Amino acid sequence: MSVEIHVSDLIQLDRCLWEIPVSTRPDMRVPARIYASEALIEDFMQDRTVSQIMNVSTLPGIEKAAIVMPDGHEGYGFPIGGVAAFDINEGVVSPGGIGYDINCGVRLMFTPEKYENIRNKIPELTHEMTRMVPRGMGRGGPIKLSTDQINQVLMRGVEWAVEQGYAFEEDRIRMESNGKLPDADASFVSEQAKKRGHDQLGTLGAGNHFVEIGRVEQIFHTDAARAFGLFEDQVVIMIHTGSRGLGHQVATDYLRMFVKKLPEYGLNLPDRELACAPINSEDGVRYLKAMAAAANFAFCNRQVISWEVRKAWENVMKSPGDQVELLYDVAHNIAKRERHRVNSEEKELIVHRKGATRAFGPGHPEIPERYRKAGQPVLIPGSMGTGSFVLAGAESGMNQAFGSTCHGAGRKMSRRAAKREVDAQKLKKELASMGISVEAGSFAGLAEEAPAAYKDVELVVDTVHEAGLASKVALLRPAGVIKG
DNA sequence: ATGTAC
């Protein structure tokens, strides 16, 4: 079923919110909504994002609206930047609504140092982190896990890392879900997935994954910044990666199974890439448990990388690694069991966030106590060399978008197009002239990640701020980048 | 994103 949509067909509900009404297509169950400023809405007409979010709105058990964030663009089945919540009895769970890189996410660490005092150390720090953090497509690292060990990682998440000396207890409590999804069951993760993951803990991967040394350039919200431990010109370190080959294999395994069994589930979908299973079916439950296990692997992966980063800090700064403190760690490719108010009734839902970040408002019990008054810390990396944002979840986002916001700048040029149009050698020099040292795994990878291939993160963040999904707390500027 | 592919 295909209906061509133009900007003039969208109903502008608010300055940064557009709706495709449920009446637009006979199979839609709820409206589709796009968060975008006037400046960004035109981007959504360039690819299949709009028809994809309309497809999502047809899925059984979907609640309230199928939502796209301002960094949204076309993805596998569901758009990236998509949020969709489902009733646990009537609804479905879809790997395409989560993404191949299960629990791809971001963490931010902060140091006690001001940039102006250690700026001459940045190239050496960048280089040392490059040495300590294994990266690249398919690459493993020095840690080899036995099946028994990998099962521990999958079941216990960062509790395992604390026990093994890769994490402080204080790290664990400064993570979304405390670094552990309790629904995880390693027995539903295939041997092949475990094999792919066995040497990938503490590795960065490739694509848009990175470790970035930056500084706090601007503070927008003094109280929240103070609660988060941030001050002006502070040196910070951001890590972006996920569950590597393990999570990819979990997604592949269950997608294949779901596509094959759609008739058995009685599902007739507008796009096979939406392949899903009922949440209350045996297969749906198994996928949720395997996905949670892969998510735990990703939490541990970012934690072990933090440990490598702390070692690099020690080696270069001759200061203890525990000076580098975790601010927070967020998942932006995940489905979670959460309670939300729908039609003035609170109910349990499975919330899919694919390239979208949880952004719970002030006072929510799942926010670490030290941040609870300010709202959940939200970490939004921009494209390489531009800037990143720290936001705080806002109360009005809880009812609008199930407590969710954007996840990054959002790609606007395909990887192929970027490789064709960007001269990576030149880009590296340009970044260097801006005071940003880049250690790239490959020139092709660098070209794919060029700022020109992405939307303007400031426009994206201004949209979610204006829409009341999250509030701006701080702007970070990069100084050293390690690319996968 | 990912040992770009059963």
Side-chain angles (χ1 to χ4, degrees), chain A residues 47 52 71-82 94-106 133-141 144 150 189-201 203-211 239-261 272-273 275 290-291 294-295 297-299 301-302 305 330-335 352-357 381 383-384 407-420 440-442 444-450 453-454 482-484:
Chain A
D47 61 18
Q52 287 190 329
D71 51 342
H73 57 97
E74 184 179 323
Y76 181 87
F78 287 57
I80 290 156
S94 175
I98 290 154
Y100 274 95
D101 189 1
I102 293 165
N103 191 5
C104 186
V106 186
V133 182
R135 64 189 171 140
M137 174 76 141
R139 279 282 302 279
K144 319 283 181 199
I150 209 159
V189 174
S190 67
E191 289 309 311
Q192 198 187 358
K194 291 176 189 175
K195 188 176 162 196
R196 283 180 69 174
H198 89 281
D199 65 344
Q200 292 188 324
L201 203 63
T203 67
L204 195 57
N208 61 4
H209 292 162
F210 64 79
V211 176
I239 299 168
H240 177 209
T241 188
S243 51
R244 307 291 332 283
L246 183 141
H248 192 276
Q249 191 61 46
V250 169
T252 303
D253 290 340
Y254 283 88
L255 267 170
R256 266 185 210 146
M257 185 209 292
F258 291 177
V259 170
K260 214 179 303 172
K261 293 172 81 169
R272 286 164 70 85
E273 292 186 359
M291 184 219 60
F297 184 86
F299 281 133
N301 189 28
R302 290 193 288 275
I305 291 175
V330 297
H332 59 218
N333 273 10
I334 204 160
H352 293 60
R353 295 191 183 90
K354 180 195 197 179
T357 312
S383 54
M384 177 178 53
H407 85 306
R411 190 169 273 287
K412 69 175 181 188
M413 197 186 283
S414 72
R415 293 184 177 281
R416 232 169 56 130
K419 259 191 283 202
R420 187 176 61 228
S442 75
L446 194 66
E448 288 182 359
E449 296 306 317
Y454 283 86
I482 296 116
K483 293 291 302 176

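Here is the naming used below: chain letters follow the sequence lines, and residue numbers restart at 1 for every chain. No experiment lies behind these values; they were computed from the predicted model shown.
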A/K260 atom NZ is separated from B/dC6 atom P, nearest whole Å, by 13 Å
Distance only, no hydrogens: is a donor on one side chain within 3.5 Å (strictly under) of an acceptor on the other, for A/S190 and A/D253? yes
Rounded to whole Å, the CG-P distance (A/D101 to B/dT4) equals 14 Å
* **A/H407-A/D71 side chain donor-acceptor pair, cut-off 3.5 Å** => yes
From CZ of A/R256 across to P of B/dT2 the rounded distance in Å is 17 Å
Rounded to the nearest 0.5 angstrom, the CD-NZ distance for A/Q249 and A/K194 is 12.5 Å
- Task: Name the nucleic acid region contacted by A/A206, choosing base, sugar-phosphate or nothing; use a 4.0 angstrom heavy-atom cut-off, strictly under.
- Result: sugar-phosphate
In whole angstroms, the gap separating C1' of B/dT2 from CE of A/M137 amounts to 5 Å
Practice item. Name the nucleic acid region contacted by A/Q200, choosing base, sugar-phosphate or nothing; use a 4.0 angstrom heavy-atom cut-off, strictly under. Key: sugar-phosphate
*Hey, does A/G242 reach any base, or is it just sugar-phosphate, or nothing, if we go heavy atoms under 4.0 Å?*
nothing
To the nearest angstrom, the CG-P distance between A/D253 and B/dC6 comes to 12 Å
Check: Does A/R416 come within less than 4.0 Å of A/E448, counting only side-chain N to carboxylate O?
Finding: no
Rounded to whole Å, the NE2-P distance (A/H248 to B/dT4) equals 8 Å
Taken to the nearest whole Å, NE2/A/H209 to C1'/B/dT2 is 10 Å
Between A/K419 and A/Y100, the residue closer to the 5' end of DNA chain B by nearest nucleotide is A/Y100
*For A/G245, report the nucleic acid contact type (base, sugar-phosphate, nothing); a contact means any heavy atom under 4.0 Å.*
sugar-phosphate
When rounded to whole Å, the CD to C1' distance for the pair A/Q192 and B/dC6 reads 11 Å
